[in-house]
Chemist: 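Structure below; questions to follow.
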Amino acid sequence: MTTVSLPRVAGRSSCKHSSGQQSYNVLGRPTSPNRVQRKYKCLSDQMSSSSSTTSAVLLNTGVQMPLLGLGTYKLVASEDVYRAVDAALVAGYRAFDSAAVYRNEADLGQALKQLLPKHGLTREDVFITSKLGPEDQGERAMEGALRSLAQLDLGYIDLYLIHWPGTQGLVVADQRNPGNRAQSWVMLEELHAQGKLKAIGVSNYTPAHMRELIQSCKVPPAVLQVEFHPRLCQTELRSVCEEYGVCFQAYSSLGKGELVTDPVVMEVAKHCERTPAQVLLRWAVQQGVPVLPKSSNPDRIKDNARLFDFTLSDTDMDRLSALDCGHKYCRDSSEVA
Ligand code: NAP
């Protein structure tokens with residue numbers, strides 16, 4: 001396991017929801033955060049230059065992942081993907097988040113092949129994430145991951161996630177779900193060993209799914225990607241990730257666009273002379289949490305990238321964190337066996 005110490009994130013929040021809360025050990029027993037066994041590299045070994053969109057977190061693979069990536073869910077027409085990727089590269093994005101179920105891996109790969117030379121960039125300058133679809137969970141996982149690799153056609157995938165803890169076609173309580181995701185993980189470990197998937201991780205896993213994986217894996221997950229915004233602070237999941245050196249990554253930071261009209265978010269934005277979207281994204285990255293805002297609008301893509309030239313005060317961070325009410329805009333995986 002690589003153990004590299006980098007500076008903590010500048011301006012790291014004193015978010016009340018992440019301090020003074022219970023953390024849990026691998027067996028699910030409560031632990032004191034200052035007695036946590038750091039079996040894997042600590043999540044706090046993160047880096048942010050606070051001045052550019054190239055700020056990154058260090059994964060437990062030893063590779064850096066940008067704090068800012070472009071979400072691509074619902075970006076489907078090839079011309080829309082091309083336009084969004086073009087705008088994102090100009091704005092400084094160097095990470096792109098796709099998935100087999102988004103049906104845009106081929107368009108994303110194609111757009112990057114055309115646009116990277118235009119912007120004086122190479123494959124190595126960008127970080128591509130994709131995900132194994134729930135229909136390929138289990139014995140079809142190898143086939144699914146190879147299909148993602150072929151669709152993107154970029155040589156390798158920087159980060160490949162199991163998209164969902166369950167299997168498509170099985171009810172959530174079906175006891176075949178744990179075996180299927182364990183089988184998927186073994187396949188991803190194999191492709192990781194071959195260098196085709198540079199890092200592997202999971203998405204939408206609960207604390208119980210995470211502990212189960214950490215107990216059985218050979219390669220620990222590099223990333224857990226879950227819904228995270230001021231109305232859903234995910235305190236327990238963040239503790240589990242911190243304990244095992246798994247990078248906690250946010251999706252739906254804007255609450256699918258709905259949080260930009262939250263009165264508290266709007267007030268903080270007015271006070272900081274920033275947009276509500278920038279405030280929501282800054283709230284996450286200031287805690288060292290990577291974000292993936294999605295937009296198909298070039299102006300918003302540019303606007304959403306301006307996160308590293310301002311800091312939220314502790315008071316504003318706490319006001320936003322106080323909105324935590326466990327609200328989910330996306331599907332809830334807590335019932336998946
Ligand atoms: P989101 O990023 O929270 O919000 C996207 C919505 O906000 C879009 O409707 C977008 O509209 C709007 N928007 C973007 N910038 C804005 C701005 N500056 N002002 C006002 N509205 C703005 O939602 P998300 O797409 O659910 O999540 C982001 C990404 O995370 C996804 O695209 C996907 O890559 C990933 N994700 C992963 C999972 C998973 O299961 N792993 C689940 C959900 C999402 P326009 O496009 O019209 O700008």
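Numbers here simply count residues along the sequence, with the first being 1. Note that ligands are numbered from 1 as they come in the structure, with each ligand's atoms numbered from 1 the same way.
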Chemist: Which atoms of ligand 1 are found less than 4.0 Å from any heavy atom of A277?
Modeler: 17 (C), 18 (N)
Chemist: Heavy-atom pairs closer than 4.0 Å: do any link ligand 1 to the side chain of K256, the backbone, both, or neither?
Modeler: both
Chemist: Is the distance between the ring centroids of F248 and F228 under 6.0 Å?
Modeler: yes
Chemist: Please identify which atoms of ligand 1 are closer than 4.0 Å to at least one heavy atom of D97.
Modeler: 33 (C), 34 (O), 35 (C)
Chemist: At a 4.0 Å threshold, what atoms of ligand 1 neighbour a non-hydrogen atom of P293?
Modeler: 2 (O)
Chemist: Run the side chain to side chain donor-acceptor pair (under 3.5 Å) check on T129 and Y160 step by step: do they pass?
Modeler: CA-CA 6 Å; T129 299; Y160 200 65; over 6 Å; no
Chemist: I need the atoms of ligand 1 closer than 4.0 Å to a non-hydrogen atom of H163, numbered in the order shown.
Modeler: 39 (C), 40 (O), 41 (N)
Chemist: Between the side chains of H192 and Q194, is a donor N or O closer than 3.5 angstrom to an acceptor N or O?
Modeler: no
Chemist: Is N297 in polar range of ligand 1, meaning some N or O pair under 3.5 Å apart?
Modeler: no
Chemist: Which bit of T72 gets closer than 4.0 Å to ligand 1, counting heavy atoms only: side chain, backbone, both or neither?
Modeler: backbone
Chemist: Indicate, as side chain, backbone, both or neither, the part of S295 found under 4.0 angstrom from ligand 1 when only non-hydrogen atoms are considered.
Modeler: both
Chemist: Tell me, please: is Y329 in heavy-atom contact with ligand 1, that is, under 4.0 Å?
Modeler: no
Chemist: So if I count the atoms of ligand 1 from 1 in the order they appear, which ones are less than 4.0 Å from some heavy atom of N204?
Modeler: 39 (C), 40 (O), 41 (N)
Chemist: Should D303 be listed as contacting ligand 1, given a heavy-atom distance under 4.0 Å as the test?
Modeler: yes
Chemist: Is L254 close to ligand 1, meaning an N/O of one under 3.5 Å from an N/O of the other?
Modeler: yes
Chemist: Here's one to test your reading of the geometry: is the NZ or CZ of R181 within 45 degrees of the ring axis of W164 and under 6.0 Å from its centre?
Modeler: no
Chemist: Tell me: protein heavy atom nearest atom 16 (C) of ligand 1, and distance?
Modeler: R300 CD, 3.5 Å
Chemist: Does K131, backbone or side chain, put an N or O under 3.5 Å from an N or O of ligand 1?
Modeler: no
